[in-house]
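Just below is one structure, and these are the notes that go with it.
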Amino acid sequence: MYQDKVALVGGALGLVLEQIKQAIAQRGQCSLVLAGGSTPKPLYEALAQQDLPWEKLHIFWGDERYVPPTHPDSNEGMAREAWLDAVDFPAANIHGMPTSAQDPQKDASRYEAELREFFGVSAGEFPVFDLILLGMGDDGHTASLFPQTAALEVCDRLITVGEKSGQPRLTFTIPLINQGRCVIFMVAGANKQPALQQVFAETADPVAYPSRFIQPQGELWWLLDEAAGTVLKSFNNLVIE
Ligand SMILES: O=C(O)[C@H](O)[C@@H](O)[C@H](O)[C@H](O)COP(=O)(O)O
């Protein structure tokens, strides 16, 4: 657990760099899935200061608001401004979620097709991303997998349409996230305590707290600051570092 958000971002940077270098060493490239929201932005700004073989990184998004990349709410726009447009990143390696069809389902299918082509996987198969970054909302959602929504039930697709307050979003499905080699949650702030308590509880309804569904076949890291994670200190079945 990190003293504050700055320390959390520093810890996340170290872990992300380690995973990127390991993926490149083992597979020649790294498929990295970015989270949206506010928490990861300083991490992206720190990555922009690194000297990495950008041509060996492929960037994807785990979810996207249904707006153009130029819109202030765009997760792609945030990552481009903080990192990708600030370094010599090959344009072909940036795989933004399409949001221009004025039909979220059509754009979800387009992104699914792009992933299948990139990884060479056919229908029924799920690609394995090297590194998936996630945040968690105050309500326990992750990516755009919101509580009590139909997106939580989609298990035969890579990409589906989530929705928040009636607004459509594109999102990785639960089974696609759970294929990840390494999944890292970054969670900061006291406002996250109630949801964290439910996500780590012995029993709680994952439909009400969708981050509980994230049980990847690879590594799962929860990077927390004290403000968020202190609520877990009473959980004696957890090892908190
Ligand atoms: O599109 C989004 O908003 C994110 O993907 C979302 O899942 C985010 O990670 C959480 O809402 C946490 O957001 P914060 O990091 O701002 O707390």
Side-chain angles (χ1 to χ4, degrees), residues 1-23 26 30 32-47 49-50 62-63 75 79 82 128-147 152 171-241:
M1 202 176 305
Y2 296 94
Q3 180 187 347
D4 55 28
K5 189 173 171 184
V6 170
L8 189 164
V9 169
L13 178 64
L15 181 57
V16 166
L17 290 174
E18 180 189 313
Q19 294 293 329
I20 288 171
K21 288 170 183 170
Q22 183 179 318
Q26 291 177 0
C30 176
L32 169 55
V33 181
L34 301 185
S38 59
T39 304
K41 185 171 181 180
L43 169 63
Y44 303 158
E45 290 165 341
L47 283 164
Q49 303 305 315
Q50 303 302 310
D63 72 317
N75 289 336
V128 179
F129 285 86
D130 292 307
L131 182 51
I132 300 175
L133 303 182
L134 294 173
M136 187 195 74
D138 296 5
D139 58 0
H141 83 262
T142 190
S144 283
L145 299 162
F146 288 90
L152 303 180
T171 184
F172 272 32
T173 58
I174 290 165
L176 180 56
I177 295 172
N178 282 337
Q179 280 299 309
R181 280 195 183 85
C182 180
V183 177
I184 301 174
F185 276 94
M186 293 174 66
V187 181
N191 52 308
K192 309 288 184 175
Q193 284 191 21
L196 272 178
Q197 203 153 23
Q198 295 300 320
V199 168
F200 282 89
E202 283 287 300
T203 58
D205 180 3
V207 174
Y209 298 95
S211 294
R212 283 181 70 92
F213 280 119
I214 306 308
Q215 303 290 338
Q217 53 108 10
E219 296 177 32
L220 174 59
W221 294 78
W222 283 84
L223 305 185
L224 311 171
D225 71 353
E226 280 282 350
T230 190
V231 73
L232 300 182
K233 286 177 180 172
S234 62
F235 285 57
N236 51 27
N237 61 326
L238 286 181
V239 174
I240 297 175
E241 295 180 353

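The figures that follow rest on heavy atoms only: side chains count, while hydrogens, waters and symmetry mates do not. In this chain, numbering begins with 1 at the start of the sequence shown.
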For this session: State the OG1-CZ distance between Thr203 and Arg212, to the nearest 0.5 angstrom.
Result: 7.0 Å
Exercise. Does any non-hydrogen side-chain atom of Pro40 lie less than 4.5 Å from one of Leu133?
Worked result: no
Problem set entry | Residue pair Gly11 / Leu223: nearest heavy atoms and the distance that separates them | C-CD1, 4.4 Å
For this session: Verify, without hydrogens or angle tests, whether Gln193 (side chain) and Ala227 (backbone) share a donor-acceptor contact under 3.5 angstrom.
Result: yes
Exercise. From Ile177 CD1 over to Thr171 OG1, what is the distance, rounded to the nearest 0.5 angstrom?
Worked result: 5.5 Å
Problem set entry | Exercise: identify the closest heavy-atom pair between Phe235 and Phe200 | CE2-O, 3.2 Å
For this session: Measure across Leu176 and Ile132 and return the closest heavy-atom pair with its distance rounded to 0.1 Å.
Result: O-CD1, 4.3 Å
Exercise. Is the closest side-chain heavy-atom distance between Met186 and Lys5 below 4.5 Å?
Worked result: no
Seminar exercise, completed: Correct closest heavy-atom pair for Ala23 and Cys30 would be CB-CB, 3.8 Å
Exercise. Any idea which heavy atoms bring Asn75 and Gly37 closest together, and the distance?
Worked result: OD1-N, 3.5 Å
Seminar exercise, completed: Rounded to the nearest 0.5 angstrom, the CG-CD1 distance for Leu220 and Ile214 is 8.5 Å
For this session: Using modelled atom types only, decide if a donor and an acceptor are shared between the side chain of Asp225 and the backbone of Tyr2 within a distance under 3.5 Å.
Result: no
For this session: Mind checking the CG-CG spacing from Leu224 to Leu232? Nearest 0.5 Å is all I need.
Result: 6.0 Å
For this session: Looking only at non-hydrogen atoms, find the nearest pair between Tyr209 and Asp139 and report the distance.
Result: CD2-O, 3.8 Å
For this session: Using a 4.5 Å cut-off on heavy atoms from C-beta on, say whether the side chain of Leu196 contacts that of Trp222.
Result: yes
Seminar exercise, completed: OG1 (Thr39) and CG (Leu134) are apart, to the nearest 0.5 Å, by 11.5 Å
Exercise. Where do Phe213 and Val207 land on the side-chain contact (heavy atoms from CB on, under 4.5 Å) test, with the steps shown first?
Worked result: CA-CA 8 Å; Phe213 280 119; Val207 174; 4.1 Å; yes
Exercise. Are the side chains of Thr142 and Phe185 in touch, meaning some heavy atoms are under 4.5 Å apart?
Worked result: yes
Exercise. Is there a side-chain contact between Leu32 and Asp130, using heavy atoms and a 4.5 Å cut-off?
Worked result: no
Exercise. When you check the side-chain N and O atoms of Glu202 and Asn237, is any donor under 3.5 Å from an acceptor?
Worked result: yes
For this session: Could you tell me whether a side-chain N or O of Gln50 sits under 3.5 Å from a main-chain N or O of Ala46, the two making a donor and an acceptor?
Result: yes
Exercise. Gln217 versus Val128: any side-chain heavy-atom pair under 4.5 Å?
Worked result: yes
Exercise. Quick one: CD on Gln3 to CG on Leu8, what's the gap to the nearest 0.5 Å?
Worked result: 11.5 Å
For this session: Please confirm whether the backbone N or O of Ala82 pairs with a side-chain atom of Lys41, one donor and one acceptor, at under 3.5 Å?
Result: no
